[in-house]
Q: 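Dropping the structure in here first, questions after.
These figures come from a predicted structure and were not determined experimentally. Note that the numbering runs from 1 along the sequence shown for the chain.
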Amino acid sequence: RCTMAVFYFSTEGNDWRFCSATSRFCGQTDAFRDRRAFLSGDTECDWAGITCNGDGCITEIEFEANNLGGTIATELALLTDLALLGMEEGTTGGSIPSELGSLSNLFFID
């Protein structure tokens, strides 16, 4: 949960188009249908753009055209089951943190 909060703030979550912490319309777009806003009291597995496995571990973070900015947080390396990281059509800058190289399940970054 803490790692995803760091992700939210490092990618300028308050400026996301959909499902930011202050969004009143999360769960109404096709991409995030029936999902919850980031930082809500719900489990992070219910937050928009997040997929978890049966053990409740995050396996996918996928945001397309959601205006992600800022940088990719090095703390994502703590998500040892992460397999997919999709952040297309945003304005994130900087490099991909080398710490993500330790994620043996990560097969897709976009």
Q: Could you tell me whether the side chain of M4 reaches within less than 4.5 Å of the side chain of I50, counting heavy atoms only?
A: yes
Q: Could you check E89, E88, E64 and say which one makes a side-chain contact (heavy atoms from CB on, under 4.5 Å) with D110?
A: E88
Q: For A21, is there any backbone N or O sitting under 3.5 Å from a side-chain donor or acceptor partner on Y8?
A: yes
Q: How long is the span from the CD1 atom in I96 to the OG1 atom in T71, to the nearest 0.5 Å?
A: 12.5 Å
Q: Roughly how far, to the nearest 0.5 Å, is CZ of R17 from CG of N66?
A: 7.5 Å
Q: Under the rule for ring-ring contact (aromatic ring centres under 6.0 Å, His included), what residues qualify as partners of F18, not counting sequence neighbours?
A: none
Q: Does any N or O in the side chain of N14 come within less than 3.5 Å of the main-chain N or O of T22, such that one atom is a donor and the other an acceptor?
A: no
Q: Does the separation of the ring centres of F32 and F63 fall below 6.0 angstrom?
A: yes
Q: Does a side-chain heavy-atom distance below 4.5 Å link T3 with L76?
A: yes
Q: Just verifying a value: how many Å separate E44 CD and L39 CG, rounded to the nearest 0.5 Å?
A: 10.5 Å
Q: Just checking I109: does its CD1 atom have more than 12 heavy atoms from other residues, nucleotides or ligands closer to it than 6.0 angstrom?
A: yes
Q: Any side-chain heavy atom of E62 sitting closer than 4.5 Å to one from F108?
A: no
Q: Are any side-chain N or O atoms of T11 and backbone N or O atoms of F7, one a donor and one an acceptor, separated by less than 3.5 Å?
A: yes
Q: Going from CD on E12 to CG on N67, what distance comes out if it is rounded to the nearest 0.5 angstrom?
A: 8.0 Å
Q: Compare every heavy atom of R1 with every heavy atom of S40, then report the nearest pair and how far apart it is.
A: O-NH2, 2.6 Å
Q: So that I can confirm a possible disulfide, could you see if the SG-SG distance for C57 and C52 falls below 2.5 Å?
A: no
Q: CG/L100 to OG/S95 distance, rounded to the nearest 0.5 angstrom?
A: 9.5 Å
Q: Would you find a donor on one side and an acceptor on the other, under 3.5 Å apart, between the side chain of R35 and the backbone of C26?
A: no
Q: In the structure I gave you, are the side-chain heavy atoms of L82 and I61 within less than 4.5 Å of one another anywhere?
A: yes
Q: In terms of hydrophobic clusters joined by side-chain contacts under 4.5 Å, are L85 and L103 together?
A: yes
Q: Nearest 0.5 Å, please: how far is CZ in F38 from OG in S20?
A: 10.5 Å
